[in-house]
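Below, chain A is the first sequence line, B the second, and so on; all start at residue 1.
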Amino acid sequence: MFTKTQLLEAKDVNVTFGGLQALTNVNIAVNSHEVVGLIGPNGAGKTTLFNAICGIVTPDSGELSLHGSSSKWPATNQLASLGIARTLQGVGLFPDLTVRENVMIGAHKFARTGLISASLGLNFRDEQALEERTHIALERVYASGLADRIAGTLSYPDAKRVGIARALVSNPEILLLDEPAGGLGAHDIEWLNRLISDLSGEMSVLIVEHHMDVVMSVCDRIYVLNFGQVISQGTPEFVRNDPAVITAYLGADAQ
Amino acid sequence: MFEFINTLLIGITSGAIYSLMALALVLVWRSTRVVNFAQAGQALASTYFGFEAMKHIDNFWIALLIAMIGGAILAAFIEMVFMRLLLKHTSSGAIASVAPIIATLGLLEVIRALITLKWGGADVLIKAPLSNTGFSIGTHTLVFSPMKLAIIAVVVFLLSILSILFQKTNIGLSLRASAFSPELARLAGIRVDLVRTFGWALSGATGAVAGMLLVVNGNGSLSPASIEFSLLLISGFIAAVVGGLDSLLGTVIGGMILGLSTAFVLMYISDSLFFIAPFIILLLALIIRPQGILGKKGGRRA
């Protein structure tokens, strides 16, 4: 239903920490409007791969292409302007700022005015546009009623919603979700599933998740990592039935 | 009653100047977690910039503006050229917590020495733009003068602008976000390095105002070895600690507590306590409310 073009591809990625090989020749690709899952046991390298894409970890080797053309590994603060947004494991909000401020920070790339005019307070129109985007992103996750709360006082599921709103406010083409279902109850997980399916109409989603129901129901394709290597990839059905995966990981959880 | 009002007004004036210095220190602390002893030197140098400007254009307010710009540029330079390298090379181990303190102490002396080279060691004068003769009420003459009133007005004006900047603008949000969590801020697309430099520049400009006002609040004399500037630094630190090293409001309250209590101690107890009173307040603050006057219990913010 959508023409699929390749948005992000990471090739032959190797990451070592000290003597430990965290990722070995990992290849993944994300196409437009695709929901791609990244699963694997603890320590398999899922978050490391996220961190490499986000410029938090520098790979020892490997190539990155965005929109089909090769790219340098981005610095963290360039992600937003490259159309990539990420949520963090756990809460990942600024606890002392309000919900509105937390989300507005994600819209930073739309703030055009420079330091000088900002310090002189000349950018009220700009601020209003940011407020508007913030409001829309909060509505998207049904959290507009929380805008004036201090983020540190939110319940865990609400904080996770706000984290997603902050990622959405930058209008990303690729959304990286790091364990969005972690710590959520059944009701919130159902809501999350629906949101991710909706979002795939507008953007690609790359998702790291332990919660198998979520991964199996929302993902178009899944990569399975174990000990820093991709051991299987394909549709949820394929991965679910892949003997390599069952041995390595799914065995206990699958049925 | 008369004496009380007089003391109150004097306390508020010095409290206002301490608040500015404290704020300059807090801005740097929040953006880079550096306790910046060189702030006294930067304020001194900025005030000399103001003095130099006064020689060419005999207008204190324009000189104040030039001092602010000079102070901002000096601070941005120190952050970009000196602190970035220092923090990069001393980022781990025991040296990490000590290096910035020793380095900024060294920087303070370097700046003093450079000022002496350029302007000499003798006192120079900055003429106050307004009368330092106190207002009269009936037959009484207050110590509180038009100059002191203007000082309070300048501080209130500056604090209002800074408060709007922090709370209402995107750059203020970036400053606060980068202070709380640089990693999260980077993920949101904020150029944390640039924001830090901006924090230092703001701090430099704020310190410059504190220096200029300090001089015209006193007898107008200025020298590289100025004891007043050393006291200003100490008062600023104490006000910042009392205020909790975190919020603009806390810092102002800290400055006011320090200014007022020092003024009242001098007036009603003994002026021999001049050097001791601030330290007594510091000790009391650290023992009673180590988290600061507005701070929440439960330790430092991220």
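Here the OG1 atom belonging to A:Thr87 is positioned 9.5 Å from the CG atom belonging to B:Leu187, to the nearest 0.5 angstrom. Expressed to the nearest 0.5 Å, how far CZ of B:Arg191 lies from OG1 of A:Thr76 amounts to 13.5 Å. The distance from atom CG of A:Asp96 to atom CZ of B:Phe180, rounded to the nearest 0.5 Å, is 4.0 Å.
No part of A:Leu82 comes within reach of chain B, as not one of its non-hydrogen atoms sits under 4.5 angstrom from that chain. With a 4.5 Å cut-off on non-hydrogen atoms, A:Ile105 touches chain B through its backbone and its side chain both. A:Gln78 does not touch chain B: none of its heavy atoms, backbone or side chain, sits under 4.5 Å away.
Looking at A:Leu97 and B:Leu173, their side chains come closer than 4.5 Å, going by heavy atoms from C-beta outward.
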Sequence neighbours left out, cut at 3.5 Å: what donor-acceptor pairs do the side chains of residues 17-28 of chain B make with other protein atoms?
unit_1  : atom_1 : unit_2   : atom_2 : d
B:Ser19 : OG     : B:Gly15  : O      : 2.8
B:Ser19 : OG     : B:Val252 : O      : 3.4

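A pairwise comparison of heavy atoms in A:Leu130 and B:Asn170 identifies CD1-OD1, 3.7 Å as the closest pair. When all heavy atoms of B:Ala188 and A:Ala80 are compared, the closest pair comes out as O-CB, 4.2 Å.
In B:Phe77, the CZ atom is not crowded: 12 or fewer heavy atoms of neighbouring residues, nucleotides or ligands sit closer than 6.0 Å. Heavy-atom neighbours of B:Phe82 CZ from other residues, nucleotides or ligands within 6.0 Å: above the threshold of 12.
Taking non-hydrogen atoms and a 4.5 Å limit, the residue list of residues 45-69 of chain A in contact with chain B, ordered by number, reads A:Cys54, A:Ile56.
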